[in-house]
Amino acid sequence: MNKEWRETGQIILPLEKPDIQDGGYDIYPSHNLSDNRIFAGFDSLADRIKYSRTVIIDGFAGVFYNSFREKLAESLSNAGLKVCWVETKDFIKSESEIKLLTAPFSGGDDPLFGKRCTLGLEEFFNMTGLRAVSPDPDADISIIIGTGASLSGWEGLLIYIDLPKNELQFRGRAGSVTNLGFSASSYAAVMYKRFYFIDWPVLNSHKKSLLKLTDIFIDGQRCDEPVWMEGEVLRNALSAMSCSLFRVRPWFEPGPWGGTWIREHIRGLNRDVPNYAWSFELITPENGLLFESSGIILEASFDSLMFLEAEAVLGDSFERFGTEFPIRFDFLDTFDGGNLSLQCHPRPEYTRDHFGENFTQEETYYILDTKDNASVYLGFHEDVDPEDFSDELRASWKQ
């Protein structure tokens, strides 16, 4: 199953939090809630919504809505309920229309360049058709499901299905999901670029508008066993977190320079990988936040905290950065591996004009551990030939 729908060496988030031995590094750092605040499974969800005549199930890209509908329908049927289903995918514009619509942001065939999309999610849909559909008065429950469901204008119980962005990438690599409005998956790098510049900005803006209204919040990364909490519980937990210390859930990836230190020293990771190059400790917007109640853990994307509590988190910097968290950090492992990559970060003006980003990336490195004869290169030698250097860069890209 793992190989079919997610391509990664990382273990999927467990339902229950493992014990931490000897006060070691916690790969599942969580914010503790009181008991019975987090629930698991379709039966518990069906029991929660069965008295609601109208239900809106919205959510992020990459959620397996078809599978979610089938399993929830089974639980509702077992409860003796007649359900009318409407799917938002029937009202999304054609792939050719969406490509034309998003062309100013896609960067064309360039493998890296793009610009953050400023369109609203409603522009991806046939809004006349979506607004025309209505609940079935003869059904016990009418449910509209899929990304953009709340755009229908239905009034009722609002459910939001979240998906951690690292899990979305794992699904993208496996080809089990598509970009917003696309009929088929593509190469992982192509999909990621479109996720980053188009899908994420559009869907984040939509999500931001819904979080204060959400009645039930679902962590959608576990296909057969969704984990959920009341929206008010999530909002209260994020408010408390914003005024305290917290860690995000780290995630780990192999890479060209990857080493052995992380694999040998951090417990709980899959050791059957070639290396670990990164421990992403706080890479926004891709990391998630974990909540724990009665041993069950639920993950919400980090941007959920920023959308609701950015001013409390950033303090005086809120006016400058808004809902974006400006600091990113990770651990890089080169033990028995290769040299780190060479990077070139644009100046703020270039970043803003060409990528639509509000700030550029400036880096500081701290060396925490070394082996004998470790070395660091600072700048260029005086006799470097710029043209030769440019040729080497271009050659490395072709490889």
Without swapping roles, check the side chain of [X] against the backbone of [Y] for a donor-acceptor pair under 3.5 Å.
X      : Y      : value
Ser301 : Gly288 : no
Thr214 : Ile216 : no
Asp140 : Val83  : no
Asp330 : Ser279 : no
Lys208 : Met306 : no
Trp5   : Val177 : no
Asn275 : Gly259 : no
Asp199 : Leu180 : yes
Glu7   : Gly172 : no
Asn179 : Met191 : yes

Pair up each side-chain donor or acceptor in residues 36-44 with any protein partner under 3.5 Å, not counting sequence neighbours, and list the distances.
{"from": "Arg37", "atom 1": "NE", "to": "Ser34", "atom 2": "OG", "distance (Å)": "3.4"}
{"from": "Arg37", "atom 1": "NH1", "to": "Asp35", "atom 2": "O", "distance (Å)": "3.3"}
{"from": "Asp43", "atom 1": "OD1", "to": "Ser75", "atom 2": "OG", "distance (Å)": "2.7"}
{"from": "Ser44", "atom 1": "OG", "to": "Ala40", "atom 2": "O", "distance (Å)": "3.0"}
{"from": "Ser44", "atom 1": "OG", "to": "Gly41", "atom 2": "O", "distance (Å)": "3.0"}
{"from": "Ser44", "atom 1": "OG", "to": "Trp228", "atom 2": "NE1", "distance (Å)": "2.9"}

Note to self: Is there a path of hydrophobic side-chain contacts, each under 4.5 Å between heavy atoms, that joins Ile283 and Phe359?
What the structure shows: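 No, no single cluster joins them.
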
Any idea how [X] and [Y] line up, ring-wise: parallel (<30°), tilted (30 to 60°), or perpendicular (>60°)?
X      : Y      : answer
His354 : Tyr350 : parallel
Tyr160 : Phe217 : parallel
Phe246 : Phe302 : tilted

For the student: nearest non-hydrogen atoms of [X] and [Y], plus distance:
X      : Y      : answer
Cys117 : Val202 : SG-CG2, 3.7 Å
Tyr28  : Pro18  : CD1-CD, 3.6 Å
Ser304 : Ala300 : OG-CB, 4.3 Å
Arg194 : Ser106 : NH1-CB, 4.0 Å

Next item on the list: Measure centre to centre between the rings of Phe280 and Phe329, then say whether the value is under 6.0 Å.
Entry: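 Ring centroids of Phe280 and Phe329 are no less than 6.0 Å from each other.
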
Note to self: What verdict does the ring-ring contact (aromatic ring centres under 6.0 Å, His included) test give for Trp200 and Tyr192, after you've listed the backbone C-alpha separation in whole Å, the side-chain angles of each residue and the deciding distance to 0.1 Å?
What the structure shows: CA-CA 10 Å; Trp200 291 0; Tyr192 177 80; 5.7 Å; yes

Next item on the list: List the steps and the verdict of side-chain contact (heavy atoms from CB on, under 4.5 Å) for Leu289 and Leu238.
Entry: CA-CA 9 Å; Leu289 298 163; Leu238 291 172; 4.1 Å; yes

Can you pull the salt bridge (Lys or Arg N to Asp or Glu O under 4.0 Å) pairs that have at least one residue in [range], sequence neighbours excluded?
range            : result
residues 234-250 : Glu232-Arg235, Arg247-Glu281, Arg249-Glu299
residues 337-356 : none
residues 145-162 : Asp162-Lys207
residues 117-133 : none

So do the side chains of [X] and [Y] get within less than 4.5 Å of each other, counting heavy atoms only?
X      : Y      : answer
His31  : Leu290 : no
Asp316 : Phe318 : no
Leu33  : Glu292 : no
Phe321 : Asn358 : no
Ile92  : Ile98  : yes
Leu119 : Ile198 : no
Leu157 : Thr54  : no

Checklist line | Cation-aromatic face contact Lys165/Phe60, 6.0 Å, 45 degrees | finding: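 Yes; both conditions hold, so Lys165 lies above the ring face of Phe60.
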
Under the salt bridge (charged side-chain N to carboxylate O under 4.0 Å, His left out) rule, collect the residues that match up with [X], sequence neighbours excluded.
X      : result
Lys89  : Glu87
Arg271 : Glu264
Glu324 : Arg116

Does either side chain, that of [X] or that of [Y], offer a donor lying less than 3.5 Å from an acceptor on the other one?
X      : Y      : result
Thr147 : Tyr65  : yes
Gln169 : Glu167 : no
Asp136 : Ser142 : no
Glu357 : Thr351 : no
Glu70  : Ser67  : no

Can you tell me how far [atom2] of [Y] sits from [atom1] of [X], rounded to the nearest 0.5 angstrom?
X      : Y      : atom1 : atom2 : answer
Ser183 : Glu95  : OG    : CD    : 4.0 Å
Ile144 : Asp58  : CD1   : CG    : 9.0 Å
Leu210 : Leu121 : CG    : CG    : 9.0 Å
Thr88  : Ile145 : OG1   : CD1   : 8.0 Å

Next item on the list: Begin from the C-alpha positions of His345 and Glu362 and carry the test side chain to side chain donor-acceptor pair (under 3.5 Å) through to its verdict.
Entry: CA-CA 7 Å; His345 299 298; Glu362 300 172 285; over 6 Å; no

Margin query: Heavy-atom count check: over 12 atoms from other residues, nucleotides or ligands less than 6.0 Å from Ile367 CD1?
Written below: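 Atom CD1 in Ile367 is not crowded, with 12 or fewer foreign heavy atoms closer than 6.0 Å.
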
Checklist line | Salt bridge flag under 4.0 Å for residues Asp219 and Arg222 | finding: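 Result for this pair is no, no salt bridge flagged.
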
Could I get the full list of side-chain hydrogen bond (donor to acceptor under 3.5 Å, both in side chains) partners for [X], not counting sequence neighbours?
X      : value
Asp26  : Lys17
Asn287 : none
Arg263 : none
Glu74  : none

